There are 2 protein chains.
Amino acid sequence: MTTILVVEDERGLRQALAINLRRREYNVITAANGAAALAAAGEQPPDAVILDLGLPDMDGADIIRGLRGWTGAPILVLSARSGQTDKVLALDAGADDYVTKPFGMDELLARLRAALRRAPAAEDQPIVETAAFTIDLAGKRAHLADHAAVHLTPTEWHVLEVLLRNEGKLVPQRQLLQEVWGPAYDTETNYLRVYLAQLRRKLEPDPAQPRHLITEPGLGYRFSR
Amino acid sequence: MTTILVVEDERGLRQALAINLRRREYNVITAANGAAALAAAGEQPPDAVILDLGLPDMDGADIIRGLRGWTGAPILVLSARSGQTDKVLALDAGADDYVTKPFGMDELLARLRAALRRAPAAEDQPIVETAAFTIDLAGKRAHLADHAAVHLTPTEWHVLEVLLRNEGKLVPQRQLLQEVWGPAYDTETNYLRVYLAQLRRKLEPDPAQPRHLITEPGLGYRFSR
DNA sequence: CGTCCGCGTCAAGATGTCGTCAAGAGCCAG
DNA sequence: CTGGCTCTTGACGACATCTTGACGCGGACG
């Protein structure tokens with residue numbers, strides 16, 4: 001899912017933005033000042049940033065440059081100042097768009113879509129390699145160790161993706177069911193048995209003795225490299 | 001040198017733009033209406049387009065879509081209309097920025113720099129060649145392996161262009177629909193079936209067994225060389 | 001030693017998706 | 001006005017995927 005970082009010191013506007021974005025199926029992180037913004041961006045790299053320039057703790061252009069050092073994600077600037085020089089400075093510092101307050105929510109969302117359309121889709125899903133197989137989550141490609149291509153169905157990809165994102169950690173049955181099938185299915189453990197078996201049959205050298213897609217009886221499943 | 005196409009019916013503004021751009025070492029082509037703009041873009045593909053929406057001969061969104069079918073260059077829209085819906089329509093049709101008149105020249109130039117910075121320099125994927133066909137994205141020409149020319153419609157180009165830009169990677173149905181038809185069409189998977197079939201019929205030696213334009217059932221499509 | 005529960009396996013029916021075709025609408029050129 | 005090209009839209013069969021139920025196995029527990 002697309003992640004948006006909202007940096008805005010005024011509480012009301014920050015929440016209004018977050019609500020509108022979440023309604024459009026974006027994953028939203030918020031920050032109330034420049035320091036928090038840079039910290040948040042480092043922790044969970046966003047696909048785009050909406051940045052208010054009137055922050056109390058840091059100068060706007062410095063935040064933009066700080067973000068630009070970390071990420072190539074597009075930056076949409078919000079500002080109460082409508083002067084040309086303000087806009088030129090922000091844009092030349094690395095911002096992708098500049099919207100003056102007050103602004104319309106529909107327009108902002110449209111500008112966000114335009115910026116995301118241009119962006120090269122952050123590569124937050126690297127390639128995972130094990131002794132037995134190689135998985136490219138972004139490109140949706142799977143190979144065995146001998147380079148034979150493996151075809152996975154949409155649901156198989158989804159299950160595998162959740163497990164790989166939590167590499168080494170145990171994923172409870174309920175979490176897996178909820179993420180893949182939705183909140184209403186959190187008792188249908190049948191599905192997990194069927195799909196884990198399918199993934200093992202396709203990916204594990206010896207499906208009866210899985211080395212990477214491991215069952216933790218009574219608890220859930222774990223992916224181990 | 002960077003080439004900018006200026007589309008503006010009012011003579012005074014057109015010349016003012018051209019002069020200011022040339023002073024910044026841009027190569028400028030001008031057009032006074034939509035038809036001339038599309039013709040000029042096909043002849044000498046620009047690196048960016050500055051487009052007035054108040055043209056006499058064509059609707060704004062149609063021009064944007066027309067250009068988008070032939071080029072990936074960023075489009076900056078100029079307009080006297082400041083309503084939100086105007087902006088949303090233009091941006092969703094494929095524009096990269098929307099500036100309301102009257103505007104400051106410095107701001108426009110800064111926005112142009114921002115757009116060009118983001119754009120993937122026009123000639124970074126000039127010609128894509130496969131065993132079956134050759135595609136010249138810049139010149140908008142397509143040949144089969146036996147040198148027979150193939151004619152593609154604007155929409156076909158656009159679909160193909162998105163797929164080629166992501167060579168080897170899977171392009172989700174939703175992304176393809178949003179980039180080609182706009183955010184409102186992200187469930188019309190019919191279109192994809194129709195246009196992929198058409199592209200295969202025109203480009204693949206055996207359309208029933210495609211080797212380069214590949215369907216990943218339930219996920220999307222993939223171009224493979 | 002026997003029962004019960006969770007897990008892996010399998011198969012069959014239900015569901016959804018894809019490719020294909022064709023008809024109609026809109027648009028431009030002659 | 002007419003004809004051609006393109007885009008949209010609906011319908012259909014073929015096929016892959018998902019869902020669902022049944023069965024056997026093994027370990028935990030009484």
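Note: hydrogens, waters and symmetry copies are ignored here, and every other heavy atom, side chains too, is used. Protein chains get the first letters and strands the later ones, always in sequence-line order, with residue 1 at the start of each. Computed from a prediction, not measured in an experiment: that's the story for all the values here.
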Which label fits His212(A) and Phe223(A): parallel for a plane angle under 30°, tilted from 30 to 60°, or perpendicular past 60°?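 His212(A) and Phe223(A): tilted rings.
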
Under 30°, 30 to 60°, or over 60°: which ring-plane class applies to Tyr191(A) and Trp181(A), parallel, tilted or perpendicular?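 Rings of Tyr191(A) and Trp181(A): tilted, 30 to 60°.
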
Determine the contact category for [X]: base if any of its heavy atoms lies under 4.0 Å from a base atom, sugar-phosphate if only primed atoms, P, OP1 or OP2 are that close, otherwise nothing.
X         : value
Thr189(A) : nothing
Gln198(A) : nothing
Tyr185(B) : nothing
Glu216(A) : nothing

Phosphate-side-chain proximity, [X] and [N], N/O vs OP1/OP2 below 4.0 Å:
X         : N       : value
Gln173(A) : dC7(C)  : yes
Tyr191(B) : dC7(D)  : no
Thr215(B) : dC18(C) : no
His151(B) : dT6(D)  : yes
Thr153(A) : dA16(D) : no
Tyr221(B) : dG19(C) : yes
Trp181(B) : dT8(D)  : yes
Thr155(A) : dC18(D) : yes
Arg193(A) : dT9(C)  : no

Return the angle between end axes of the helix from dC1(C)-dG30(D) to dG30(C)-dC1(D), with five pairs used per end and rounding to 10°.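 One end's axis against the other's: 30°.
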
Would you say that more than 12 heavy atoms from the other residues, nucleotides or ligands in this model lie under 6.0 Å from the [atom1] of [X], or not?
X         : atom1 : answer
His151(A) : NE2   : yes
Lys169(A) : NZ    : no
Arg24(B)  : CZ    : yes

Starting from [atom2] on [N], measure out to [atom1] on [X] and report it in whole angstrom.
X         : N       : atom1 : atom2 : result
Arg174(A) : dG6(C)  : CZ    : P     : 14 Å
Leu192(A) : dG6(C)  : CG    : C1'   : 12 Å
Asn190(B) : dA22(C) : CG    : P     : 17 Å
Ile63(B)  : dC27(C) : CD1   : P     : 14 Å
Leu152(B) : dC7(D)  : CG    : C1'   : 15 Å
Trp157(A) : dC18(D) : CH2   : C1'   : 18 Å
Leu199(A) : dT17(D) : CG    : C1'   : 14 Å
Arg201(A) : dT9(C)  : CZ    : P     : 8 Å

Check this for me: does any side-chain nitrogen of one of Glu161(B) and Lys140(B) sit under 4.0 Å from a carboxylate oxygen of the other?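 The answer is yes: the pair qualifies as a salt bridge.
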
For the side chain of Arg211(A) and the backbone of Pro205(A), is there at least one donor-acceptor N/O pair under 3.5 Å apart?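 Side chain of Arg211(A) to backbone of Pro205(A), a donor-acceptor pair under 3.5 Å: no, none is there.
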
Please tell me which of Val194(A) and Val194(B) maps to the more 5' nucleotide of DNA chain D, matching each residue to the nucleotide holding its nearest heavy atom.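 Per heavy-atom nearest nucleotide, the more 5' residue is Val194(B).
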
Please assess Glu10(B) against Arg14(B) for the test salt bridge (charged side-chain N to carboxylate O under 4.0 Å, His left out), listing each intermediate value before the final yes or no. CA-CA 6 Å; Glu10(B) 191 195 323; Arg14(B) 187 170 71 236; over 6 Å; no

